[in-house]
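In what follows, every heavy atom counts, from backbone to side chain, and hydrogens, waters and symmetry copies are set aside.
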Amino acid sequence: MAKIKDVAAAAGVSASTVSRVLCNGPVSDKVRKRVEAAMTRLDYRPNLAARRLRSQHTDTIGLIVSDIRNPFFTAVSRAVEDEAYRNGMRVILCNTDENPDKEAMYLRLMQEERVTGVIFAPTRQLVTSIDQQALGFPVVMIDRVSADAATDAVVLDNRRAAAQLVGHLLQQGYRDIGGLFGNTSNTGMERHAGFSEALQQAGLAAPARFVAPSVEAAEQAVLQWLAEPARPQALLVSNGVLLLGAVRAIKSAGLHWPQDVALVGFDNEVWTDLLGDGLTVMEQPVNEIGRTAMAMLLERLEEPERSQRIVVLQGKLMVRGSSLPQ
């Protein structure tokens, strides 16, 4: 029986490329046709090997995210569900509120439900301690990963993305730049590292504040910061939820961007293009993250002994009026 690696060899591509074709992921038409032709030649039947591995499991995927109200996770969840449906699988969605106790509870639930595998956005406390063998199912991490983790993962190049935002602000002439970061995930820590490194390379200070991942916490922190005598010229905010809090704070303080304080952040949500001349943001490839995570999970099911793989994707800088001096 042909496996993914056989199709990959016949088509002259990687196993991950075959998985992306199976999940309708991002590949060129030329490569897609070559892979599909190899499948036909080899009489490849997707998921047969995986079905054997799942013989004592349900055709169900667990999707555990930190905050479903965060539009980033909403969009990624939709992409995962779409690909699961295409592969005849169901999704159990769990929201942890960045709470390690809830994470542990939902992982136990996944064991009780005998899921086929889990796609997971863990807190910093759990990111290094996932034991797939003990859990009894494979795990693919999204958005968060640690150098010590032993699971597959698909993440944004967070350091580079934050450094790009800093570089953009520097190009516009800003020198006093503050950063607001979430305090519960590796993602916030990585973005802080990219922010700090970029400013240090420019010979500048890198003032930063860390808050709980909520609109209210961000709003309060930014209000306090803006009330200080030496408020920053520009703010970099590390995710869409905190960015909304920063917007509320600037408006509550009676200030305007970019005249009083420039503002940049992450996540290209619809509302970011509707405020004034728009907010400068780093757009994350949310659909590709979800599709790739599902493809990696299917690939892991077919080849459980293969080595760990981490896919690092790039963001896209969307420059708008909030960071352009007037």
- Which is it for Val31 and Val13 under the side-chain contact (heavy atoms from CB on, under 4.5 Å) test, yes or no, and what are the steps along the way? CA-CA 8 Å; Val31 169; Val13 299; 4.1 Å; yes

- Message: Applying side-chain contact (heavy atoms from CB on, under 4.5 Å) to Ile289 and Leu313, what does each step give before you reach the verdict?
- Response: CA-CA 8 Å; Ile289 289 171; Leu313 303 176; 3.7 Å; yes

- Would Arg291 and Glu288 satisfy salt bridge (charged side-chain N to carboxylate O under 4.0 Å, His left out), going step by step from the backbone distance to the final call? CA-CA 5 Å; Arg291 290 196 303 266; Glu288 187 176 356; 5.6 Å; no

- Task: Could you walk me through whether Glu103 and Cys94 pass the side-chain contact (heavy atoms from CB on, under 4.5 Å) test, one step at a time?
- Result: CA-CA 9 Å; Glu103 287 180 322; Cys94 299; over 6 Å; no

- Query: Can Val76 and Asn287 be said to form a side-chain contact (heavy atoms from CB on, under 4.5 Å), step by step?
  - Reply: CA-CA 6 Å; Val76 171; Asn287 289 325; over 6 Å; no

- Item | Derivation and outcome, side-chain hydrogen bond (donor to acceptor under 3.5 Å, both in side chains), residues Arg114 and Thr60 | CA-CA 8 Å; Arg114 307 187 72 81; Thr60 303; over 6 Å; no

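Comment: Asp152 engages Arg300 in a salt bridge, judged by a side-chain N to carboxylate O separation of less than 4.0 angstrom. Electrostatic pairing of Asp82 and Arg78 counts as a salt bridge here, judged by a charged N lying under 4.0 Å from a carboxylate O. The pair Glu81-Arg90 fails the salt-bridge criterion, with no side-chain N (NZ, NE, NH1 or NH2) lying under 4.0 Å from an Asp/Glu carboxylate O. By the 4.0 Å N-to-carboxylate-O rule, Glu269 lies too far from Arg69 to be salt-bridged with it. Under 4.0 Å is where a charged nitrogen must lie from a carboxylate oxygen, and between Glu302 and Lys5 no such pair does.
Applying the side chain to side chain donor-acceptor pair (under 3.5 Å) test to pairs two or more places apart or on separate chains, those with a residue in residues 205-221 are Arg209-Glu228. The side chain to side chain donor-acceptor pair (under 3.5 Å) pairs that include a residue from residues 189-200 are Asn158-Glu190, Asn158-Arg191, Arg159-Glu197, Arg191-Gln284, His192-Ser196, where partners are two or more places apart or lie in different chains. Among pairs with a residue in residues 229-255, none fulfils salt bridge (charged side-chain N to carboxylate O under 4.0 Å, His left out), at least two apart in sequence or across chains. Every pair tested for ring-ring contact (aromatic ring centres under 6.0 Å, His included) that includes a residue from residues 63-115 fails, sequence neighbours excluded, so the list is empty.
By the rule that hydrophobic residues join a cluster once side-chain heavy atoms approach within less than 4.5 Å of another member, Leu165 and Val312 end up as members of separate clusters. The hydrophobic cluster containing Phe266 does not contain Val145, counting ILVMFWY residues as joined when their side-chain heavy atoms lie under 4.5 angstrom apart, directly or transitively. Met189 and Met141 fall into different hydrophobic clusters, defined by Ile, Leu, Val, Met, Phe, Trp and Tyr side-chain heavy atoms under 4.5 Å apart, directly or through other members. Val286 and Ile68 fall within the same hydrophobic cluster, defined by Ile, Leu, Val, Met, Phe, Trp and Tyr side-chain heavy atoms under 4.5 Å apart, directly or through other members. Note on Val311: it does not cluster hydrophobically with Leu156, by side-chain heavy-atom contacts below 4.5 Å among ILVMFWY residues.
The structure places CG of Asp176 at 9.5 Å from CG of Leu199, a figure rounded to the nearest 0.5 Å. Distance check, rounded to the nearest 0.5 Å: CD of Gln233 to CD of Gln172 gives 12.5 Å. Separating the CZ atom in Arg34 from the CG atom in Asp29 is a distance of 12.5 Å, to the nearest 0.5 Å. For the atom pair CD (Glu303) and CZ (Arg309), the distance works out to 10.0 Å, reported to the nearest 0.5 Å. In this structure, CD on Gln111 lies 5.0 Å from CG on Leu135, to the nearest 0.5 angstrom. One finds the CE atom of Met294 at 12.0 Å from the OG1 atom of Thr292 (value rounded to the nearest 0.5 Å).
Using a 4.5 Å cut-off on side-chain heavy atoms (C-beta onward), Val154 and Met296 make contact. Counting heavy atoms from C-beta on, the side chains of Thr280 and Leu317 come closer than 4.5 Å. In this structure, Ile64 and Val118 have side chains that are in contact, with non-hydrogen atoms separated by less than 4.5 Å. Using a 4.5 Å heavy-atom cutoff, the side chains of Leu324 and Pro258 are not in contact. Looking at Asn95 and Asp67, their side chains come closer than 4.5 Å, going by heavy atoms from C-beta outward. Put simply, the side chain of Thr272 does not reach to within 4.5 Å of the side chain of Asp267, judged on heavy atoms. A 4.5 Å side-chain heavy-atom check between Val264 and Val319 finds every atom pair outside the cut-off. Using a 4.5 Å heavy-atom threshold, the side chains of Asp6 and Ile4 count as separate.
Paired with Ile61 under the rule side-chain contact (heavy atoms from CB on, under 4.5 Å), one option of Ile92, Leu297, Asn87, Leu93 passes, and it is Leu297. Tested against Asn268 for a side-chain contact (heavy atoms from CB on, under 4.5 Å), the candidates Lys316, Met282, Glu283 yield a single pass: Glu283.
In this structure Arg41 satisfies the side chain to side chain donor-acceptor pair (under 3.5 Å) test with no other residue, sequence neighbours excluded.
For the pair Thr123 (side chain) and Glu98 (backbone), a donor-acceptor distance under 3.5 Å is absent.
Taking all atoms of both residues into account, the shortest heavy-atom contact from Leu223 to Ser252 is CD2-CB, 4.1 Å. Here the closest heavy-atom approach between residue Phe137 and residue Gly117 is recorded as CB-CA, 4.1 Å. Heavy atoms only, all atoms of each residue included: Arg320 and Asp277 are closest at CB-O, 3.6 Å. The minimum heavy-atom distance linking Leu236 with Ala162 is given by the pair CD1-O, 3.8 Å. Nearest heavy atom pair, residue Pro122 against residue Arg144, reads O-NH1, 2.7 Å. Closest of all the heavy-atom pairs between Ser238 and Phe181 is OG-CA, 3.3 Å.
Through chains of ILVMFWY side-chain contacts below 4.5 Å, Leu242 is grouped with Leu180, Val211, Val215, Val222, Trp225, Leu226, Leu235, Val237, Val241, Leu243, Leu244, Val247, Ile250, Leu255, Trp257, Val261, Leu263, Trp271, Leu275, Leu279, Val281, Met318.
Counted by atom type alone, Thr74 and Ser77 present zero donor-acceptor pairs between their side chains at under 3.5 Å.
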